[in-house]
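Below, chain A is the first sequence line, B the second, and so on; all start at residue 1.
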Amino acid sequence: MQINITLPDNSIRNYESGVTGLGIAQSISEGLARVALAIEVNGNIQELNRTITEDAAIRIFTWNDDEGKKTLWHSSAHIMAEAILFFYADALLTIGPPVENGFYYDVDFQGKAFGSDDFEKIEKKFLELAKSGETFVRKEVSKAEALAVYAGNPYKTELIENLEDGSITFYYSGNFVDLCRGPHIPNSNVIKAMKVTATAGAYWRANQANKMLTRIYGISFLKQKDLDEYMMRIEEAKKRDHRRVGQELELFAFSEKVGKGLPLWLPKGTRLRETLIDFLKKVQEAYGYQQVVTPHIGSKQLYETSGHWEKYGKDSFQPIRTPEEGEEFMLKPMNCPHHCEIFASRPRSYKELPLRLAEFGTVYRYEQSGELHGLTRVRGFTQDDAHIFCRPDQVKEEFKKVIDIVLYIFKVLDFKEYVAQISLRDPDNQTKYFGTDEQWEIAQNAIIEATAEKGLPTVTELGEAAFYGPKLDFMVRDALGRKWQLGTIQVDYQLPNRFELEYVGNDNQKHRPVMIHRAPFGSLERFIAVLIEHTGGDFPLWLTPEQVVVMTIGEKFEAYGHEVVNILKNNGIRAIIDERSEKIGKKIRDAEVGKYPYMLVVGEKEMENRAVSVRRRKEGDLGTKTIAEFVEFIQAEIAEQLK
RNA sequence: GCCGAUGUAGCUCAGUUGGCCAGAGCACUUGAUUUGUAAUCAGGGGGUCGGGGGUUCGAAUCCCUCCAUCGGCUCCA
C-alpha cells in the first residue's frame with residue numbers, strides 16, 4: 001500500500017506503507033539521512049526508525065533544530081545514566097531531561113558521594129558507550145510490568161503510578177533500560193564529544209520537603225570542535241560577569257563585616273547610579289510623576305494593614321523594637337504602603353488623578369543565604385519605584401504609558417533582548433491570592449489589552465502573579481544565560497481597599513482608586529548588574545562614570561591639563577586628569593583597560609593652540625581639536641545617545 | 001535554608017609523600033626618569049595561609065566546626 005508523505009515545503013511524496021523516517025530521509029538525500037536525529041509525524045516527535053503506515057505530514061530534525069538538539073541531549077542523558085550505573089550500580093535513577101544547554105540526570109546515590117572527581121571517568125565511559133553504537137529500542141509495557149522492573153526504585157514507581165496504563169514505554173540501549181517517553185536518536189555513535197559540566201542538589205519533584213537528589217549536568221555535541229567552542233563561549237561570558245567587572249572597574253564591593261548581600265557602592269559605581277537616577281527622574285517628570293521620600297522603616301502595623309506581614313513576615317528581617325516603648329518597626333520591604341499613606345494624607349479629588357508618586361526607595365528583604373548572587377540578588381536594594389493612583393477607567397491608559405516609559409528606557413540603553421511576560425494567577429490555586437474573581441478578571445484583562453494595543457510581544461505565565469494582582473514583567477538574561485526579572489508593572493485593587501483609600505468623584509461620592517505599581521529598572525542593583533554584563537563594562541558615553549581622561553605629556557603641561565578638565569566639568573562633562581610621571585603609552589594603556597571612552601593628550605603643541613589630541617577608546621587617535629570643538633563634539637555624541 | 005565545590009598579599013595565582021624566615025606578576029610606596037598614542041628602571045612595605053578547635057616533634061598542607069564565596073535546587077512582595 002502506498003502512503004502520501006507531506007514535507008515541510010508542502011510537496012507530497014509517495015512511499016510504501018511501513019517506511020521509516022530514516023528511509024524518507026535517505027530518499028531525500030544521503031546527507032540529510034546522515035545528520036537526521038528525529039522526525040515529527042503529524043505533530044508528534046518520534047524516532048527515525050519507527051514505521052509510518054498512513055498519510056502524514058513530517059519534518060525531519062537535525063542538530064540545527066532545537067528539537068534535534070533536545071533529542072540528542074535526551075539520548076545523551078540515557079547514556080550518561082548508563083555510565084553512572086557502571087560505577088554506581090546501587091544508584092537510583094529518577095528523571096533525566098534535556099535542558100537549554102545540554103541535559104541532566106537526577107540520581108539518588110543513597111548516601112554515596114558523587115563529586116567533581118567522578119566527572120572525568122563518567123565522560124570517558126560515556127564516550128566509550130556512545131562510540132559502541134547503541135541503538136535506542138522502544139518497547140511498550142504494561143503498568144504492572146513497569147512497576148515490577150522498578151520495584152526497588154520509589155522514584156520511578158511514583159512516576160509510573162501517575163501514568164496511564166497503555167501509554168508506558170521503555171527504551172533499551174546497550175545494557176541500559178529507562179522508563180521514557182522518547183524520542184531518541186537513531187544511534188549513539190553520532191555523539192563525538194561530551195562533558196559533565198556540574199553537579200548540584202535538586203529536590204525530588206522540586207519540592208523542598210522531599211529528599212535532595214544529586215543532579216548531574218552534562219552537554220554533548222556531534223563534533224569536538226563544537227564542544228571546544230561552547231567552552232570558549234562560557235569563558236568569554238565569565239569575563240563579562242558583573243561581579244568581576246564591578247571589581248575591576250571599582251563600581252561596588254562587598255564586605256563580610258557589613259554583611260552578605262549588602263552591596264557597598266564605590267565612588268565610580270555611585271556616579272553611574274546617580275546618572276541613571278537623574279536620567280529616569282527626567283523621563284518620569286515628563287510623564288507627570290512627582291518625587292517623594294519616605295523612611296527606611298515603618299511600623300509593623302503598616303505591613304499588617306498592607307497584608308505583607310501575613311504574606312511575607314517570615315521572609316522579612318524581623319521587626320526591630322524601640323527600647324522604651326517596645327513599638328515594633330520593620331525595615332521596609334516595599335514602598336507601596338508608605339505611598340498609600342501619602343495618598344491618604346488629605347482628601348483627594350478625581351481632578352488630581354492619576355496621582356503618580358515616585359521614589360528611589362531602598363528596601364530590605366530577607367533572602368535565603370544560598371540565593372544571594374552579586375548585585376542581582378541582594379538583601380538591600382533600591383527600587384525605581386512609583387505608584388499610580390487612578391480611577392478604574394484610567395487603568396489601561398496609565399498602563400500603556402508605563403509601557404512607553406519602559407520601552408523608551410530600554411531603547412536608550414540599547415536593550416533588545418528582553419521578554420515581556422504577563423504573569424497571571426494560577427487558576428488551580430486561587431487561595432494564595434487576595435481579592436475577588438471580578439477584580440482579578442478586570443486587572444488581567446487590562447494588562448492583556450494594554451500590551452496588545454501597544455503591539456508588545458508577550459509570553460503568558462500562569463501562577464506568576466503577585467498575591468495582590470497580575471503583572472507585566474520584563475525578563476532579561478545575564479552573561480551566562482540566567483534569567484532575571486527587571487522592570488515590572490502591576491495592577492493592584494487590594495492595597496487601596498486595605499488602606500481604605502478614597503477620592504471624591506464628580507458625582508460628589510467617595511470612590512476607591514486603583515493602584516499601579518511600577519519599576520522600569522526593577523532594582524538599580526540588578527539593572528546595573530545586567531547592564532554591566534550586556535556592555536562588558538563598556539558603558540554608553542552618557543552613562544559611563546568618567547567620560548574623559550586628560551593625560552599630560554610632562555609636568556610642564558599640568559596646569560594646562562587642569563584647565564582643560566575644569567572647562568570640561570563646567571560644561572557638564574565628567575573628566576579626570578592623569579598627571580603621573582608615566583610615559584604616555586602607559587597612561588593610554590591604563591585608560592583603555594579602565595574603559596574610559598575619551599583620552600585627551602596634552603603637550604607642547606596642544607598648549608600653544610589651546611587644543612587637545614583626541615583619542616577614542618578602541619578606535620585610536622582622532623586628531624587634534626580645540627577645547628571648544630571637543631566640548632561641542634562630545635556633547636553632540638551624548639545628545640545623540642539620549643534621543 | 002538544602003546539595004556540591006572553593007577560600008594563600010588589594011587583585012590574579014604558584015606553593016601536598018606535613019619539614020629551612022610562605023613566593024611571583026600586577027597594584028601600592030620611595031627614588032631616578034619628564035616622557036607624543038596600549039606596559040620606563042631600581043629599591044621598599046604588605047599575608048593571623050578565611051575564623052576557631054584538634055592530630056603531630058612540626059600544619060598553608062591531615063581531621064572537625066563555623067564563616068564567606070562559587071554552581072545549582074527551593075524561594076522571590
Which part of the nucleic acid, if any, lies within reach of A/Glu604 when heavy atoms closer than 4.0 Å are counted: base, sugar-phosphate only, or nothing?
base
At less than 3.5 Å, do the side-chain atoms of A/Tyr203 and the base atoms of B/G1 form a donor-acceptor pair?
yes
Rounding to an integer number of angstrom, what distance separates B/G58 and B/U16 when you compare their C1' atoms?
15 Å
Go through the steps for A/Phe103 and A/Tyr217 under the test ring pair (Phe, Tyr, Trp, His ring centres under 6.0 Å), then give the verdict.
CA-CA 6 Å; A/Phe103 52 90; A/Tyr217 284 93; 9.2 Å; no
Determine the contact category for A/Thr552: base if any of its heavy atoms lies under 4.0 Å from a base atom, sugar-phosphate if only primed atoms, P, OP1 or OP2 are that close, otherwise nothing.
nothing
At 4.0 Å (heavy atoms only), tell me whether A/Glu248 reaches a base, stays on the sugar-phosphate, or touches nothing.
nothing
What residue pairs, at least two apart or across chains, pass salt bridge (Lys or Arg N to Asp or Glu O under 4.0 Å) with a residue in residues 304-314 of chain A?
A/Lys300-A/Glu304
Protein-nucleotide distance (A/Asp426, atom CG; B/C75, atom P), rounded to Å
13 Å
Write down the distance between CD (A/Glu555) and P (B/U35), rounded to a whole number of angstrom.
9 Å
Only one of A/Gln490, A/His387, A/His339, A/Gln383 forms a side chain to side chain donor-acceptor pair (under 3.5 Å) with A/His517, so which one is it?
A/His387
Look at the side chain of A/Lys471 and decide which nucleotide, out of B/A77, B/G36, B/C73, has an atom nearest to it.
B/A77
Between A/Thr214 and A/Thr199, is there a side-chain donor-acceptor contact under 3.5 Å, judged purely by atom types and distance?
no
Under 3.5 Å, which donor-acceptor pairs link side chains of residues 556-565 of chain A to any protein atom two or more places apart or in another chain?
residue: A/Tyr560; atom: OH; partner: A/Ala611; partner atom: N; Å: 2.8
residue: A/Tyr560; atom: OH; partner: A/Ala611; partner atom: O; Å: 2.6
residue: A/His562; atom: NE2; partner: A/Glu579; partner atom: OE1; Å: 3.0
residue: A/His562; atom: NE2; partner: A/Glu579; partner atom: OE2; Å: 3.3
residue: A/Glu563; atom: OE2; partner: A/Arg610; partner atom: NH1; Å: 3.2
residue: A/Glu563; atom: OE2; partner: A/Arg610; partner atom: NH2; Å: 2.7

Upstream residue (5' side of RNA chain B) when A/Arg617 and A/Cys336 are each assigned their closest nucleotide:
A/Arg617
Would A/Asp241 and A/Glu533 count as a side-chain contact (heavy atoms from CB on, under 4.5 Å) here? Give the steps.
CA-CA 6 Å; A/Asp241 191 311; A/Glu533 307 210 347; 3.8 Å; yes
Rounded to the nearest angstrom, tell me the gap between atom CD in A/Glu558 and atom C1' in B/G36.
16 Å
For A/Tyr105, all residues meeting ring pair (Phe, Tyr, Trp, His ring centres under 6.0 Å), sequence neighbours excluded:
none
Scan A/Glu606 against the nucleic acid and name what it touches under 4.0 Å (heavy atoms): base, sugar-phosphate only, or nothing.
base
Taking the C1' atom in each of B/A60 and B/C21, what is the distance between them to the nearest angstrom?
15 Å
Classify the nucleic acid contact of A/Gly370 as base, sugar-phosphate or nothing, counting any heavy atom under 4.0 Å across all strands shown.
base
Does NZ or CZ of A/Arg615 fall inside the cone over A/Tyr598's six-membered ring, less than 6.0 Å from its centre and within 45° of the axis?
no
Pairs involving residues 599-623 of chain A, ordered by first then second residue, that meet ring pair (Phe, Tyr, Trp, His ring centres under 6.0 Å) (sequence neighbours left out)
none
Which part of the nucleic acid, if any, lies within reach of A/Ser613 when heavy atoms closer than 4.0 Å are counted: base, sugar-phosphate only, or nothing?
base
Look at the side-chain N and O atoms of A/Lys556 and state whether any lies under 4.0 Å from the OP1 or OP2 oxygen of B/G36.
no
Between B/G36, B/C75, B/U37, which nucleotide gets closest to the side-chain atoms of A/Ile588?
B/U37
Hey, are A/Arg377 and A/Glu367 close enough for a salt bridge, meaning a charged N less than 4.0 Å from a carboxylate O?
yes
Any chance you could encode RNA chain B as dot-bracket? Rule is Watson-Crick or G-U wobble with both distances under 3.5 Å; [ ] for pairs crossing earlier ones, | for another strand.
(((((((..((((.....[...)))).(((((.......))))).....(((((..]....))))))))))))....
Which nucleotide in the list B/A77, B/G1, B/U34 gets nearest to the side chain of A/Asp315?
B/A77
Please list, chain by chain and in numerical order, all residues satisfying side chain to side chain contact (heavy atoms under 4.5 Å, CB included) with A/Leu331, sequence neighbours excluded.
A/Ile297, A/Phe317, A/Tyr364
I want to confirm an ordering. Mapping A/Asn207 and A/Asp621 to their closest nucleotides on RNA chain B, which one lands closer to the 5' end?
A/Asp621
Is there a residue in residues 512-524 of chain A whose heavy atoms reach under 4.0 Å of RNA chain B, and which residues are they?
none
Which residues pass the ring pair (Phe, Tyr, Trp, His ring centres under 6.0 Å) test with A/His74, sequence neighbours left out?
A/His78, A/His184
Under the ring pair (Phe, Tyr, Trp, His ring centres under 6.0 Å) rule, collect the residues that match up with A/Phe360, sequence neighbours excluded.
none
B/C26 to B/C62 separation - P atoms, rounded to the nearest Å
31 Å
If you check the A/Ile553 side chain, which of B/G36, B/U40, B/C3 turns out closest?
B/G36
If you take atom types as modelled and just measure distance, does the side chain of A/Arg377 reach the base of B/C75 with a donor-acceptor pair under 3.5 Å?
yes
B/S/- contact track for nucleotides 65-70 of chain B, protein heavy atom under 4.0 Å
--SSSS
On a whole-Å scale, what distance lies between the P atoms belonging to B/C57 and B/G10?
34 Å
How is A/Arg215 classified with respect to the nucleic acid when contacts are heavy atoms under 4.0 Å: base, sugar-phosphate, or nothing?
sugar-phosphate
Within 45° cone of A/Phe87 ring axis and under 6.0 Å: A/Lys121 NZ or CZ
yes
Roughly how far apart are A/Arg526 CZ and A/Asp478 CG, rounded to 0.5 Å?
10.5 Å
Classify the nucleic acid contact of A/Thr214 as base, sugar-phosphate or nothing, counting any heavy atom under 4.0 Å across all strands shown.
nothing
Sequence neighbours excluded, the answer for side chain to side chain contact (heavy atoms under 4.5 Å, CB included) partners of A/Leu501 is A/Cys340, A/Phe343, A/Ala344, A/Phe389, A/Pro496, A/Phe499, A/Pro513
Specify the residues of residues 305-314 of chain A, ordered by number, for which at least one heavy atom lies under 4.0 angstrom from an atom of RNA chain B.
A/His308, A/Tyr312
By nearest atom, which of the nucleotides B/G36, B/C75, B/G4 is closest to the A/Ile584 side chain?
B/G36
State the CG-CG distance between A/Leu159 and A/Leu93, to the nearest 0.5 angstrom.
11.0 Å
Students often get this wrong, so: under 4.0 angstrom with heavy atoms, is A/Lys605 touching a base, only sugar-phosphate, or nothing?
base
In this structure, how many angstroms lie between the P atom of B/U34 and the NZ atom of A/Lys586, rounded?
19 Å
Nucleotide nearest A/Gln208 (side chain, heavy atoms from C-beta), chosen from B/A38, B/U37, B/G1:
B/G1
With a non-hydrogen cut-off below 4.0 angstrom, is A/Ala202 in contact with a base, only sugar-phosphate, or nothing?
sugar-phosphate
Which nucleotide, B/C75, B/U40, B/C2, lies nearest any side-chain atom of A/Glu367?
B/C75
With respect to the side chain of A/Ser581, which nucleotide from B/C73, B/A77, B/U35 is positioned closest?
B/U35
